[in-house]
Amino acid sequence: MRSKQRSATVALGAGGARGVAHLGAIEELQRGGFTIERYVGVSIGSLAGALAALGKDIEEVQDQAVAYLSSPEFQRHQARFATTSASSEERIEESAFLSWYNRLSDYWNANRLLTRLFRRPGILSGLIMEEVVDQLLPDIDISETATPLSIVAADLRSGRRVVLDRGPLRAAVRGSAAIPGIFPPVEFEGMLLSDIGGLDSLAVSVARTFKPSFIVAVDVGTEMLPVSDMSTSMGVLRRMDQIGEALFREQCDCDADLIVRPKVGHIDWFAFDRAEALIEAGRAATVAALDNRHKRNLWNNLLYSRGPVRDQSRAAVDPAESR
(Lines give C-alpha, C1' and ligand atoms only; values in the text may rest on other atoms or scores of the structure.)
Protein backbone atom coordinates (compact mmCIF):
# COMPACT_ATOMS: atom_id res chain seq x y z
CA MET A 1 0.00 0.00 0.00
CA ARG A 2 1.56 3.30 -1.09
CA SER A 3 1.49 6.31 1.16
CA LYS A 4 2.09 9.96 0.39
CA GLN A 5 5.74 10.98 0.18
CA ARG A 6 7.32 11.58 3.57
CA SER A 7 10.81 11.50 5.04
CA ALA A 8 12.08 8.94 7.52
CA THR A 9 15.22 8.00 9.38
CA VAL A 10 15.82 4.25 9.16
CA ALA A 11 17.52 2.28 11.96
CA LEU A 12 19.02 -0.97 10.69
CA GLY A 13 19.75 -3.59 13.33
CA ALA A 14 22.37 -6.25 13.96
CA GLY A 15 21.90 -9.89 13.04
CA GLY A 16 24.73 -11.28 10.92
CA ALA A 17 23.58 -12.70 7.59
CA ARG A 18 19.98 -11.93 8.53
CA GLY A 19 20.85 -8.28 7.91
CA VAL A 20 20.75 -8.91 4.16
CA ALA A 21 16.97 -8.58 4.67
CA HIS A 22 17.57 -4.85 5.24
CA LEU A 23 18.05 -4.43 1.49
CA GLY A 24 14.55 -5.76 0.80
CA ALA A 25 13.06 -3.57 3.53
CA ILE A 26 14.70 -0.45 2.11
CA GLU A 27 13.34 -1.22 -1.35
CA GLU A 28 9.75 -1.44 -0.09
CA LEU A 29 10.07 1.65 2.10
CA GLN A 30 11.09 3.63 -0.97
CA ARG A 31 8.36 2.02 -3.04
CA GLY A 32 5.89 2.85 -0.27
CA GLY A 33 6.53 6.58 -0.57
CA PHE A 34 9.31 7.21 1.96
CA THR A 35 12.29 9.43 1.27
CA ILE A 36 15.05 8.20 3.55
CA GLU A 37 16.82 11.14 5.12
CA ARG A 38 19.34 9.14 7.20
CA TYR A 39 20.47 5.59 7.85
CA VAL A 40 21.60 4.54 11.33
CA GLY A 41 23.30 1.15 11.27
CA VAL A 42 24.62 -1.31 13.83
CA SER A 43 26.89 -4.22 12.81
CA ILE A 44 25.55 -5.74 9.57
CA GLY A 45 23.07 -2.84 9.58
CA SER A 46 26.00 -0.46 9.10
CA LEU A 47 27.06 -2.36 5.97
CA ALA A 48 23.52 -2.45 4.56
CA GLY A 49 23.05 1.22 5.41
CA ALA A 50 26.34 2.15 3.78
CA LEU A 51 25.43 0.29 0.58
CA ALA A 52 22.05 2.02 0.40
CA ALA A 53 23.45 5.43 1.34
CA LEU A 54 25.79 5.51 -1.65
CA GLY A 55 22.89 6.64 -3.82
CA LYS A 56 22.66 3.70 -6.21
CA ASP A 57 19.31 2.24 -7.18
CA ILE A 58 18.41 -0.23 -4.42
CA GLU A 59 17.83 -3.06 -6.89
CA GLU A 60 21.34 -2.50 -8.24
CA VAL A 61 22.63 -2.70 -4.66
CA GLN A 62 20.77 -5.97 -4.13
CA ASP A 63 22.22 -7.44 -7.33
CA GLN A 64 25.72 -6.40 -6.27
CA ALA A 65 25.33 -7.99 -2.84
CA VAL A 66 23.86 -11.25 -4.15
CA ALA A 67 26.54 -11.55 -6.84
CA TYR A 68 29.36 -11.11 -4.34
CA LEU A 69 27.85 -13.36 -1.65
CA SER A 70 27.47 -16.16 -4.21
CA SER A 71 30.96 -15.70 -5.65
CA PRO A 72 33.76 -18.28 -5.17
CA GLU A 73 35.79 -15.64 -3.31
CA PHE A 74 33.12 -15.17 -0.66
CA GLN A 75 32.28 -18.87 -0.45
CA ARG A 76 35.75 -19.50 0.93
CA HIS A 77 34.95 -17.14 3.78
CA GLN A 78 31.51 -18.68 4.23
CA ALA A 79 33.11 -22.02 5.12
CA ARG A 80 35.19 -20.33 7.84
CA PHE A 81 32.15 -18.57 9.30
CA ALA A 82 30.38 -21.89 9.66
CA THR A 83 33.26 -23.45 11.62
CA THR A 84 32.73 -20.93 14.42
CA SER A 85 29.18 -22.24 14.99
CA ALA A 86 29.33 -25.93 14.14
CA SER A 87 28.31 -28.38 16.85
CA SER A 88 28.12 -32.13 16.99
CA GLU A 89 24.74 -31.79 18.71
CA GLU A 90 23.34 -30.23 15.53
CA ARG A 91 24.46 -33.06 13.28
CA ILE A 92 22.19 -35.79 12.03
CA GLU A 93 22.85 -39.30 13.38
CA GLU A 94 25.48 -41.11 11.33
CA SER A 95 27.28 -44.44 11.38
CA ALA A 96 29.25 -45.46 14.45
CA PHE A 97 32.55 -44.78 12.74
CA LEU A 98 31.52 -41.36 11.44
CA SER A 99 30.05 -40.50 14.82
CA TRP A 100 33.35 -41.36 16.51
CA TYR A 101 35.30 -39.45 13.85
CA ASN A 102 33.10 -36.36 14.24
CA ARG A 103 33.45 -36.36 18.02
CA LEU A 104 37.23 -36.51 17.64
CA SER A 105 37.09 -33.79 14.97
CA ASP A 106 34.90 -31.62 17.20
CA TYR A 107 37.34 -32.05 20.08
CA TRP A 108 40.27 -31.08 17.87
CA ASN A 109 38.45 -28.11 16.35
CA ALA A 110 37.24 -26.93 19.75
CA ASN A 111 40.79 -26.92 21.06
CA ARG A 112 41.99 -25.02 18.01
CA LEU A 113 39.22 -22.45 18.50
CA LEU A 114 40.03 -22.12 22.20
CA THR A 115 43.70 -21.60 21.35
CA ARG A 116 42.76 -18.81 18.98
CA LEU A 117 40.31 -17.37 21.50
CA PHE A 118 42.95 -16.99 24.21
CA ARG A 119 45.92 -16.10 22.03
CA ARG A 120 44.39 -13.90 19.33
CA PRO A 121 41.99 -10.92 19.30
CA GLY A 122 39.53 -12.92 17.19
CA ILE A 123 38.88 -16.48 16.06
CA LEU A 124 38.81 -15.31 12.44
CA SER A 125 41.31 -13.04 10.76
CA GLY A 126 40.44 -9.40 10.34
CA LEU A 127 41.58 -9.72 6.74
CA ILE A 128 38.36 -11.62 5.99
CA MET A 129 36.16 -8.72 7.02
CA GLU A 130 38.50 -6.27 5.31
CA GLU A 131 38.23 -8.13 2.01
CA VAL A 132 34.42 -8.36 2.21
CA VAL A 133 33.98 -4.66 2.98
CA ASP A 134 36.54 -3.58 0.36
CA GLN A 135 34.67 -5.58 -2.30
CA LEU A 136 31.34 -3.93 -1.50
CA LEU A 137 32.15 -0.35 -0.48
CA PRO A 138 34.24 2.44 -2.04
CA ASP A 139 37.16 4.03 -0.20
CA ILE A 140 35.42 7.28 0.83
CA ASP A 141 34.64 9.25 3.96
CA ILE A 142 31.35 8.55 5.76
CA SER A 143 30.36 12.18 5.17
CA GLU A 144 30.58 11.67 1.40
CA THR A 145 27.62 9.28 1.11
CA ALA A 146 24.64 10.54 -0.90
CA THR A 147 22.29 9.97 2.06
CA PRO A 148 23.55 10.84 5.56
CA LEU A 149 24.82 7.77 7.41
CA SER A 150 25.54 7.17 11.09
CA ILE A 151 27.48 4.06 12.12
CA VAL A 152 27.16 2.79 15.69
CA ALA A 153 29.89 0.79 17.44
CA ALA A 154 31.56 0.27 20.80
CA ASP A 155 34.89 1.93 21.57
CA LEU A 156 36.71 -0.59 23.76
CA ARG A 157 39.19 2.01 24.99
CA SER A 158 36.69 4.51 26.39
CA GLY A 159 34.07 1.89 27.16
CA ARG A 160 31.42 3.95 25.40
CA ARG A 161 29.04 3.66 22.50
CA VAL A 162 30.18 5.84 19.62
CA VAL A 163 28.26 7.22 16.65
CA LEU A 164 30.42 7.80 13.58
CA ASP A 165 29.39 10.23 10.84
CA ARG A 166 32.83 11.05 9.48
CA GLY A 167 36.08 9.19 8.94
CA PRO A 168 36.96 6.26 6.64
CA LEU A 169 33.75 4.46 5.66
CA ARG A 170 35.30 1.04 5.24
CA ALA A 171 37.07 1.06 8.60
CA ALA A 172 33.95 2.28 10.40
CA VAL A 173 31.82 -0.51 8.93
CA ARG A 174 34.46 -3.12 9.75
CA GLY A 175 34.59 -1.87 13.33
CA SER A 176 30.82 -1.85 13.75
CA ALA A 177 30.63 -5.41 12.37
CA ALA A 178 33.60 -6.82 14.32
CA ILE A 179 31.71 -9.43 16.36
CA PRO A 180 33.51 -9.74 19.74
CA GLY A 181 35.59 -12.89 19.90
CA ILE A 182 34.97 -13.71 16.23
CA PHE A 183 36.67 -10.78 14.49
CA PRO A 184 39.41 -8.61 16.02
CA PRO A 185 38.52 -5.02 16.95
CA VAL A 186 39.40 -2.29 14.47
CA GLU A 187 41.62 0.76 15.00
CA PHE A 188 39.76 3.94 14.06
CA GLU A 189 41.14 7.42 14.74
CA GLY A 190 42.40 6.62 18.23
CA MET A 191 39.48 4.37 19.09
CA LEU A 192 39.32 0.57 19.12
CA LEU A 193 35.99 -0.38 17.58
CA SER A 194 33.92 -3.51 18.13
CA ASP A 195 30.40 -4.65 17.31
CA ILE A 196 27.94 -3.37 19.93
CA GLY A 197 25.06 -5.42 18.54
CA GLY A 198 24.94 -7.80 21.49
CA LEU A 199 24.07 -4.86 23.78
CA ASP A 200 22.48 -2.30 21.46
CA SER A 201 21.22 -4.28 18.48
CA LEU A 202 18.79 -1.67 17.14
CA ALA A 203 19.98 1.92 17.59
CA VAL A 204 16.60 3.65 17.62
CA SER A 205 17.72 5.89 20.47
CA VAL A 206 20.58 7.13 18.28
CA ALA A 207 18.16 7.78 15.41
CA ARG A 208 15.96 9.80 17.76
CA THR A 209 18.83 12.22 18.53
CA PHE A 210 18.61 13.56 14.97
CA LYS A 211 15.03 14.69 15.70
CA PRO A 212 13.45 13.04 12.66
CA SER A 213 9.75 13.34 11.93
CA PHE A 214 9.45 9.56 11.52
CA ILE A 215 11.63 6.59 12.53
CA VAL A 216 11.48 3.16 10.91
CA ALA A 217 13.31 0.36 12.74
CA VAL A 218 14.17 -2.86 10.91
CA ASP A 219 14.77 -5.64 13.43
CA VAL A 220 16.50 -8.80 12.14
CA GLY A 221 17.26 -10.32 15.54
CA THR A 222 16.79 -13.94 16.54
CA GLU A 223 13.45 -15.32 17.65
CA MET A 224 12.98 -15.96 21.38
CA LEU A 225 11.89 -19.58 21.36
CA PRO A 226 11.33 -21.84 24.40
CA VAL A 227 14.20 -24.16 25.34
CA SER A 228 14.27 -27.19 27.59
CA ASP A 229 17.95 -28.04 28.04
CA MET A 230 20.13 -25.75 30.16
CA SER A 231 22.75 -28.34 31.07
CA THR A 232 25.91 -26.30 30.40
CA SER A 233 27.20 -23.02 31.77
CA MET A 234 27.76 -21.77 28.22
CA GLY A 235 24.14 -22.57 27.41
CA VAL A 236 22.96 -20.55 30.40
CA LEU A 237 25.18 -17.59 29.49
CA ARG A 238 24.02 -17.67 25.89
CA ARG A 239 20.38 -17.87 26.95
CA MET A 240 20.73 -14.86 29.25
CA ASP A 241 22.33 -12.95 26.41
CA GLN A 242 19.33 -13.78 24.20
CA ILE A 243 16.88 -12.71 26.91
CA GLY A 244 18.69 -9.42 27.47
CA GLU A 245 18.72 -8.64 23.75
CA ALA A 246 15.02 -9.49 23.42
CA LEU A 247 14.12 -7.17 26.31
CA PHE A 248 16.15 -4.40 24.72
CA ARG A 249 14.37 -4.82 21.39
CA GLU A 250 11.00 -4.60 23.15
CA GLN A 251 12.04 -1.19 24.47
CA CYS A 252 12.83 -0.09 20.90
CA ASP A 253 9.15 -0.62 20.07
CA CYS A 254 8.28 2.40 22.18
CA ASP A 255 10.79 4.67 20.43
CA ALA A 256 10.16 3.81 16.76
CA ASP A 257 7.18 4.96 14.70
CA LEU A 258 7.17 1.80 12.59
CA ILE A 259 8.74 -1.57 13.40
CA VAL A 260 9.53 -3.99 10.58
CA ARG A 261 10.45 -7.53 11.63
CA PRO A 262 11.32 -9.85 8.76
CA LYS A 263 10.78 -13.46 9.72
CA VAL A 264 14.44 -14.45 9.59
CA GLY A 265 15.20 -15.34 13.20
CA HIS A 266 15.55 -19.04 12.35
CA ILE A 267 18.41 -18.37 9.91
CA ASP A 268 21.99 -18.78 11.18
CA TRP A 269 24.09 -15.63 11.51
CA PHE A 270 26.56 -16.97 8.94
CA ALA A 271 24.04 -18.19 6.29
CA PHE A 272 24.89 -15.61 3.64
CA ASP A 273 24.15 -18.22 0.97
CA ARG A 274 20.45 -17.43 1.53
CA ALA A 275 20.79 -13.83 0.39
CA GLU A 276 17.88 -13.82 -2.07
CA ALA A 277 15.52 -15.41 0.48
CA LEU A 278 16.58 -12.85 3.08
CA ILE A 279 15.96 -9.92 0.71
CA GLU A 280 12.51 -11.31 -0.07
CA ALA A 281 11.78 -11.64 3.65
CA GLY A 282 12.65 -7.97 4.10
CA ARG A 283 10.33 -6.99 1.28
CA ALA A 284 7.41 -9.06 2.57
CA ALA A 285 7.64 -7.83 6.16
CA THR A 286 7.86 -4.19 5.07
CA VAL A 287 4.85 -4.45 2.77
CA ALA A 288 2.87 -6.01 5.64
CA ALA A 289 4.02 -3.37 8.14
CA LEU A 290 3.10 -0.48 5.82
CA ASP A 291 -0.26 -2.05 5.00
CA ASN A 292 -0.99 -2.56 8.70
CA ARG A 293 -0.04 1.04 9.44
CA HIS A 294 -2.33 2.28 6.67
CA LYS A 295 -5.25 0.27 8.03
CA ARG A 296 -4.63 1.50 11.58
CA ASN A 297 -4.56 5.08 10.38
CA LEU A 298 -7.85 4.67 8.54
CA TRP A 299 -9.41 3.11 11.63
CA ASN A 300 -8.14 5.90 13.89
CA ASN A 301 -9.44 8.54 11.50
CA LEU A 302 -12.80 6.85 11.38
CA LEU A 303 -13.11 6.54 15.16
CA TYR A 304 -11.55 9.77 16.33
CA SER A 305 -11.52 12.05 13.25
CA ARG A 306 -7.90 12.88 13.78
CA GLY A 307 -4.55 12.16 12.13
CA PRO A 308 -2.56 8.93 12.37
CA VAL A 309 -1.11 7.88 15.70
CA ARG A 310 2.29 6.37 16.20
CA ASP A 311 2.32 2.85 14.88
CA GLN A 312 4.11 0.07 16.73
CA SER A 313 3.34 -2.72 14.33
CA ARG A 314 5.22 -5.96 14.89
CA ALA A 315 4.80 -7.32 11.40
CA ALA A 316 6.54 -10.64 10.83
CA VAL A 317 5.92 -12.29 7.51
CA ASP A 318 7.29 -15.57 6.20
CA PRO A 319 9.32 -14.94 3.04
CA ALA A 320 6.97 -17.15 1.03
CA GLU A 321 9.26 -20.08 1.79
CA SER A 322 11.55 -18.25 -0.58
CA ARG A 323 12.01 -19.43 -4.03
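Just so we're clear, the structure is a prediction, and the values are computed from it rather than from any experiment.
One finds a salt bridge joining Asp219 and Arg261 here, because a Lys/Arg side-chain nitrogen approaches an Asp/Glu carboxylate oxygen to under 4.0 Å. Note on Glu187 versus Arg157: salt bridge recorded, some NZ/NE/NH1/NH2 to OD/OE distance being below 4.0 Å. Ion pairing between a basic and an acidic side chain is recognised when a charged N comes within 4.0 Å of a carboxylate O; Arg208 and Asp257 show such pairing. Ion pairing between Arg166 and Asp141 fails under the 4.0 Å rule for side-chain N and carboxylate O.
Scanning all heavy atoms of the two residues, the minimum distance from Leu278 to Ala17 falls at CD1-O, 3.2 Å. Considering all non-hydrogen atoms of both residues, Ala11 and Leu202 come closest at O-CD1, 3.9 Å. Of all heavy-atom pairs between Asp268 and Arg18, the closest is C-NH1, 3.9 Å.
Using the six-membered ring where Trp is involved, Phe272 and Phe74 have ring planes that are perpendicular, over 60° apart on the 30 and 60° scheme.
Here the side chain of Ser43 pairs no donor or acceptor atom with the backbone of Ala177 at under 3.5 angstrom. Proximity of a side-chain donor or acceptor of Ser194 to a complementary backbone N or O of Ala178 within less than 3.5 Å is detected. Remark: the backbone N or O of Asp165 is not paired with any side-chain donor or acceptor of Ser150 at under 3.5 angstrom. Checking side-chain atoms of His22 against main-chain N and O of Ser46 turns up no donor-acceptor pair under 3.5 Å. At distances below 3.5 Å, not a single donor-acceptor pair connects side-chain atoms of Glu37 with backbone N or O atoms of Thr147.
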Test log, rule side-chain contact (heavy atoms from CB on, under 4.5 Å), inputs Asp200 and Val42: CA-CA 8 Å; Asp200 191 0; Val42 177; 5.6 Å; no
What verdict does the side-chain contact (heavy atoms from CB on, under 4.5 Å) test give for Val186 and Met129, after you've listed the backbone C-alpha separation in whole Å, the side-chain angles of each residue and the deciding distance to 0.1 Å? CA-CA 10 Å; Val186 175; Met129 181 67 73; over 6 Å; no
Trace of the side-chain hydrogen bond (donor to acceptor under 3.5 Å, both in side chains) decision for Arg6 with Ser213: CA-CA 9 Å; Arg6 69 177 305 172; Ser213 59; 4.7 Å; no
So Leu149 and Leu169, side-chain contact (heavy atoms from CB on, under 4.5 Å) or not? Walk me through it. CA-CA 10 Å; Leu149 170 68; Leu169 175 64; 3.7 Å; yes
Checking side-chain contact (heavy atoms from CB on, under 4.5 Å) for the pair Ile140/Leu54: CA distance, chi angles, key distance, verdict? CA-CA 10 Å; Ile140 63 173; Leu54 293 175; 3.9 Å; yes
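The structure places CZ of Phe34 at 6.5 Å from CG of Leu258, a figure rounded to the nearest 0.5 Å. Between atom CD of residue Glu144 and atom CG of residue Asp139 there is a gap of 9.0 Å, rounded to the nearest 0.5 Å.
Residues Gln62 and Glu27 bring a donor and an acceptor atom of their side chains to less than 3.5 Å of each other.
Leu51 is connected to Val66 through a chain of hydrophobic side-chain contacts under 4.5 Å among Ile, Leu, Val, Met, Phe, Trp and Tyr, so both are in one cluster.
Residues Leu12 and Ile26 are in side-chain contact: their nearest non-hydrogen atoms beyond the backbone lie under 4.5 Å apart.
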